[in-house]
Amino acid sequence: MTETSKADPPARGGMGPTERSDVGGGSDARATDARPWWQDAIGYEVYLRSFADGDGDGVGDFLGLTERLGHLADLGIDLVWVTPFYPSPQADFGYDVADYRDVDPVYGTLADFDRFLAKAKALGLRVLVDIVPNHSSSLHPWFRSAVMEGHESPYRDYYVWSDPAPDGGRPNNWLSMFGGPAWTLDERSGQYYMHLFLPEQPDLNWANDAVRDEFLDILRFWLDRGVDGFRIDVAHSLMEDQTFPDDPPSPDLPDGQQPETFGDLDHVYDLDREETVDIFRDWRVVADARDAVLIGEVYLDEPERVAKYVEGDALHESFYFGLNALDWDPAEFARRIRHANDTAPGGWSWVQGSHDEHRAVTRYGGGTVGRERSLALWSAMFGLPGTPFLYQGDELGLEDGIVAPEDIQDPVGFVSPEDGRDPCRTPIPWAPGPGNGFTTADEPWLRCEQRPAGDTVQVQRASDGSFLNAMRSLIAARRSTADRRFGGVEWWDEAPEGTLAFTRGSIAHVVNLTDEPVALACGDGWELVHATGTVELDGAVISLAPRTGTILAT
Ligand code: GLC
């Protein structure tokens with residue numbers, strides 16, 4: 001043991017571990033009655049193009065997803081988020097929507113979507129669809145009309161236009177997140193249109209009530225089909241200052257240097273506007289009427305800034321991105337998680353990655369160590385208020401896929417290969433061999449190296465010691481303790497650096513993220529429900545092997 005702590009964990013008005021008779025099982029009224037369904041759910045992100053190809057064209061689709069839903073039910077998933085499947089020229093692989101109320105033929109038809117939804121429901125899975133309100137595709141009929149008919153078009157004001165600056169140049173210094181300026185000239189009208197992403201992704205004008213009405217209608221369209229809520233793409237970016245002032249340079253930019261990339265600006269006028277939160281208050285009325293959940297991609301560094309989106313009557317939750325840009329750092333991870341939780345309790349969808357980042361196990365050092373770190377971290381995330389979301393392949397402990405430079409598909413990868421998102425988007429390996437059971441086509445849409453047999457679902461399912469089975473057992477332990485895990489988090493204040501230890505209701509999660517063994521005082525009366533590694537519970541002291549998470553009950 002390298003570290004010991006004399007923590008007296010459940011002090012703050014909570015139930016001490018010796019009062020176990022006070023808290024029973026599922027009948028406790030405090031446990032679940034008042035809690036919305038998503039606070040007990042485990043979510044799973046399906047990146048549809050790369051999940052399962054049912055029709056053999058190399059691209060994942062609804063047919064393939066429907067056939068493979070058993071994998072998710074078996075794993076213990078409750079809630080599936082499907083990335084955009086709408087008709088799209090795929091300039092940003094579906095995040096450029098040309099029709100918000102249909103399915104792209106490459107993914108199937110609306111009838112295929114309905115079959116997918118019906119099977120998901122039959123398996124007890126709820127479904128979120130991904131709404132992209134910040135921008136449409138430049139091939140959306142709204143934008144086509146806005147360009148072709150100019151000021152005569154009823155859709156002209158659906159987009160964000162500006163006259164050129166007095167010198168004839170761009171209206172201001174705003175930059176695109178994907179590189180280059182955020183303005184493109186429409187030669188027909190002589191005005192510029194704004195785009196936070198690609199020129200093929202023109203920003204919608206949320207100052208226009210007609211746009212607001214369209215989206216309320218789009219939400220109802222999918223709710224009427226039976227979905228259980230929405231993942232909201234770049235939710236913090238809908239509104240911008242309508243007078244288009246220059247953004248100041250980022251405080252991190254050296255004096256005198258010209259802002260060249262998105263990160264060089266302090267996004268005062270184009271992101272995180274207070275008025276954006278109001279938009280979601282209208283969405284919330286629609287969602288609450290159907291008991292549906294709204295989860296935003298509010299990609300802001302400070303939890304304090306995200307909090308306003310998830311407090312009160314706006315969104316229910318935001319994804320937590322605070323760890324994704326960091327190298328593995330147990331003390332900093334623990335500090336950030338605690339700070340985020342305490343800043344917006346219950347307001348987070350806890351993630352380790354997504355279709356936009358390098359895979360978590362890769363970022364956590366790769367190999368067995370990376371996988372153990374990831375699993376230990378999940379065992380903490382599974383205890384916090386909010387909804388954890390696995391990204392497809394997280395349950396297999398996958399590292400980044402290998403994509404040759406000539407096979408890059410992601411528009412971000414073209415501009416900056418090291419930031420390219422292809423490595424996390426390679427197909428799910430279902431089985432050993434060519435195509436990895438993902439497709440029967442000669443090549444998947446994203447050419448990549450074949451995965452080793454040990455990475456595949458088929459092999460991992462059959463192996464007791466696999467990551468998949470470890471994840472399944474952790475999810476089962478979370479589920480079996482759900483009724484006894486309630487209320488806010490009571491941190492064990494003296495937990496050593498790099499550990500996360502907390503009580504909720506009569507359940508505790510004690511997690512050692514460090515590479516050293518750790519022992520801490522836990523008080524009497526705990527029983528071990530689950531451990532991801534070697535743990536000893538000896539009287540009032542718990543000892544955890546490196547990179548090990550536990551669930552305790554009293
Ligand atoms: C979000 C999506 C990302 C997409 C971008 C533009 O960040 O997660 O994949 O490229 O929005 O829609």
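FYI, the numbering just counts along the sequence from 1. Quantities reported herein were computed from a predicted structural model and do not represent experimental measurements. Numbering of ligands and ligand atoms starts at 1, following listing order.
Close approach to His135 involves these atoms of ligand 1, each under 4.0 Å from a residue heavy atom: 6 (C), 12 (O). Interface of Phe197 with ligand 1, defined as ligand atoms under 4.0 Å from a residue heavy atom, comprises 5 (C), 6 (C). Atoms of ligand 1 found under 4.0 Å from any heavy atom of Arg425 (numbered from 1 in listed order, with element): 9 (O). In summary, the atoms of ligand 1 found under 4.0 Å from a heavy atom of His355, numbered by their order in the structure, are 2 (C), 3 (C), 8 (O), 9 (O). Residue Asp92 approaches ligand 1 through these ligand atoms, each under 4.0 Å from one of its heavy atoms: 4 (C), 5 (C), 6 (C), 10 (O), 12 (O).
The main-chain N or O of Leu390 is never found under 3.5 Å from a side-chain atom of Asp394 such that the two would form a donor-acceptor pair. Thr362 places a side-chain N or O within 3.5 Å of a backbone atom of Asp400 that can act as its donor or acceptor partner. No donor-acceptor distance shorter than 3.5 angstrom exists from the side chain of Trp183 to the backbone of Pro171, with no hydrogens or angles considered.
Taking a 4.0 Å cut-off on heavy atoms, Phe178 registers as neighbouring ligand 1. At least one heavy atom of Arg421 lies less than 4.0 angstrom from ligand 1. Taking a 4.0 Å cut-off on heavy atoms, Glu357 fails to register as neighbouring ligand 1.
For atom 9 (O) of ligand 1, the nearest non-hydrogen atom of the protein is Asp356 OD1, 2.7 Å. In terms of protein heavy-atom proximity, atom 7 (O) of ligand 1 is closest to Glu297 OE2, 2.8 Å. Here the heavy atom of the protein found nearest to atom 11 (O) of ligand 1 is Asp233 OD1, 2.9 Å.
There is no side-chain donor-acceptor pair under 3.5 Å between His195 and Asp203.
Residues Trp174 and Phe244 bring their aromatic ring centres within 6.0 Å. Between Tyr44 and Phe389, a ring centre-to-centre spacing not shorter than 6.0 Å is recorded.
Trp206 does not carry Arg212 over the face of its six-membered ring by the limits of under 6.0 Å from the centre and within 45° of the normal. For the pair Arg363 and Trp328, the cation-pi criterion (under 6.0 Å, within 45° of the ring axis) is not fulfilled.
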